[in-house]
Visitor: 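Before I ask anything, let me first share the structure, which is written out below as structure tokens.
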Amino acid sequence: AAEEDETLSVAVNTGEHVLIQAQDQEGELSALTARLRQAEAELNLPEYPYAHDARFGYLSFNPVLAGSGLYAALVMHLPMLNFLKQIRALEGLVKQRFHCHLSPLSVFEGGNPGNLFVLGNAGSFQKEDEEIISLVEQAAGMLAEKEAALREKAFLQTRVTPLADQAWRAYGTLRYARRLTTRDYLSLWSKMRLGALAGILPVPHATADRMLIF
């Protein structure tokens, strides 16, 4: 990822004594992990060593971080899987097969208007960074394939479908509305991005992704 798209931050005395975070817009987990480990080494002063055990790894109150201390996560847009109520079954599948958690990114009054989910490793004990990243990326690939298959099926027969109509309505509202609540914005954005990925809207999906960051 380009340096201008990366964010590296260090939090002290929050849930952890020291928490180092690296993120980008592309989901390059290997590159981000390398940046994180570099920062970790630079901050590790001999007179103030990290709490680390040869058997258990880093000591943390958070079970996910106890071990190698790495939590690798991706934000995924899964509108079709969520609409067809397949998320709950997939939560169990990614946990059993890939040792990952799948959960809503944010909840508004019990709902998830943006259809955004966080996929991350469920633990790091006795796991190398490469193994953790590989499992998260494999789980993400499986979810992306299932989402794409449902999207293609929904938009394949004809462009005049309820989903297509919702996508066009969302596009029009986002283009011309002057004020929106966060919930409304996320809901409209989700429908518009679905239409962009289906190729029925004059919006590149990269533009839709930048709108989410905004």
Side-chain angles (χ1 to χ4, degrees), residues 1-54 56-78 91 94-95 97-107 112 114-144 147 182 186 189-190 193 204-214:
E3 289 187 4
E4 58 268 22
D5 293 331
E6 287 186 5
T7 300
L8 184 69
S9 62
V10 180
V12 179
N13 292 336
T14 56
E16 302 290 340
H17 178 56
V18 177
L19 184 66
I20 309 170
Q21 293 181 314
Q23 62 183 23
D24 67 6
Q25 300 174 15
E26 306 299 328
E28 298 290 345
L29 296 181
S30 294
L32 289 173
T33 300
R35 290 274 289 114
L36 186 149
R37 292 304 188 191
Q38 178 184 356
E40 173 190 37
E42 293 173 353
L43 292 172
N44 190 11
L45 302 178
E47 60 269 29
Y48 301 109
Y50 297 129
H52 188 277
D53 182 83
F56 297 106
Y58 287 111
L59 306 181
S60 168
F61 83 98
N62 186 344
V64 175
L65 297 177
S68 74
L70 178 65
Y71 176 66
L74 296 169
V75 176
M76 303 193 69
H77 182 223
L78 305 173
E91 287 176 355
V94 298
K95 186 174 184 179
R97 185 181 299 180
F98 303 105
H99 198 55
C100 290
H101 277 314
L102 181 66
S103 58
L105 175 64
S106 59
V107 176
N112 183 6
N115 296 297
L116 295 166
F117 294 84
V118 178
L119 173 71
N121 56 299
S124 66
F125 181 62
Q126 293 184 338
K127 284 185 172 62
E128 298 293 332
D129 292 350
E130 293 78 9
E131 180 184 0
I132 292 173
I133 292 170
S134 176
L135 289 172
V136 173
E137 290 180 341
Q138 289 179 54
M142 181 200 69
L143 293 171
E147 176 70 23
T182 301
L186 287 173
W189 171 86
S190 179
R193 186 177 189 272
H205 70 84
T207 300
D209 290 346
R210 287 196 297 272
M211 290 175 63
L212 176 63
I213 296 169
F214 166 77

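Treat the numbers as computed from the prediction; the structure is a model and nothing was measured. Any value given below was found using the heavy atoms of this structure, including those in side chains, with hydrogens, waters and symmetry copies removed.
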Visitor: Does any part of the side chain of Lys127, heavy atoms only, come nearer than 4.5 Å to the side chain of Ser68, both counted from C-beta?
Guide: no

Visitor: Return the minimal non-hydrogen interatomic distance between Ala139 and Val94, and the atom names on each side.
Guide: CB-CG1, 4.4 Å

Visitor: Is there a donor-acceptor contact under 3.5 Å from the side chain of Asn121 to the main chain of Leu70?
Guide: yes

Visitor: Would one find more than 12 heavy atoms of other residues, nucleotides or ligands at under 6.0 Å from atom NE2 of His17?
Guide: no

Visitor: State, yes or no, whether a side-chain contact exists between Leu212 and His77 at a heavy-atom distance under 4.5 Å.
Guide: no

Visitor: If you look at every heavy atom in Ala66 and Ser124, which pair is closest and at what distance?
Guide: O-OG, 3.4 Å

Visitor: Can you tell me how far the CG atom of Leu19 sits from the OH atom of Tyr71, to the nearest 0.5 Å?
Guide: 12.0 Å

Visitor: If we ignore angles and hydrogens, is there a donor and acceptor under 3.5 Å between the side chains of Gln138 and Ser134?
Guide: yes

Visitor: Determine the minimum heavy-atom distance between Ala140 and Leu119, stating which atoms define it.
Guide: N-CD2, 3.4 Å

Visitor: If we check side-chain contact (heavy atoms from CB on, under 4.5 Å) with Phe117, which of these qualifies: Leu105, Leu78, Leu74?
Guide: Leu78

Visitor: Hey, could you give me the CG/CG distance between Asp24 and Leu8, rounded to the nearest 0.5 Å?
Guide: 11.5 Å

Visitor: Say you draw a straight line from CZ of Arg97 to CG of Leu135; how long is it, rounded to the nearest 0.5 Å?
Guide: 12.0 Å

Visitor: Closest heavy-atom contact between Asn115 and Ser190?
Guide: ND2-OG, 2.8 Å

Visitor: Check side-chain hydrogen bond (donor to acceptor under 3.5 Å, both in side chains) between Ser60 and all other residues, then give those that pass, not counting sequence neighbours.
Guide: Glu16

Visitor: How many angstroms lie between atom CG of Leu186 and atom CZ of Arg193, to the nearest 0.5 angstrom?
Guide: 13.0 Å

Visitor: To the nearest 0.5 Å, how far apart are CZ in Arg37 and CD in Glu42?
Guide: 14.0 Å

Visitor: At what distance, to the nearest 0.5 angstrom, does CD of Gln23 lie from CZ of Arg35?
Guide: 12.0 Å

Visitor: Side chains of Asp129 and Thr33: do they bring a donor and an acceptor to under 3.5 Å?
Guide: no

Visitor: How close do Ala73 and Leu29 get, counting heavy atoms only, and between which atoms?
Guide: O-CD2, 3.8 Å

Visitor: Mind listing the closest non-hydrogen atom pair of Val64 and Ala122 along with its distance?
Guide: CG2-O, 3.5 Å

Visitor: Where the side chain of Asp209 meets the backbone of Ile213, is there a donor-acceptor pair that is under 3.5 Å apart?
Guide: no

Visitor: What class does the angle between the rings of Tyr50 and Tyr58 fall in, given that below 30° is parallel, 30 to 60° is tilted and above 60° is perpendicular?
Guide: perpendicular

Visitor: Checking Glu128 now: which residues fulfil salt bridge (charged side-chain N to carboxylate O under 4.0 Å, His left out) with it, not counting sequence neighbours?
Guide: none

Visitor: If you draw a 6.0 Å radius around CZ in Phe61, do more than 12 non-hydrogen atoms from other residues or ligands fall strictly inside?
Guide: yes

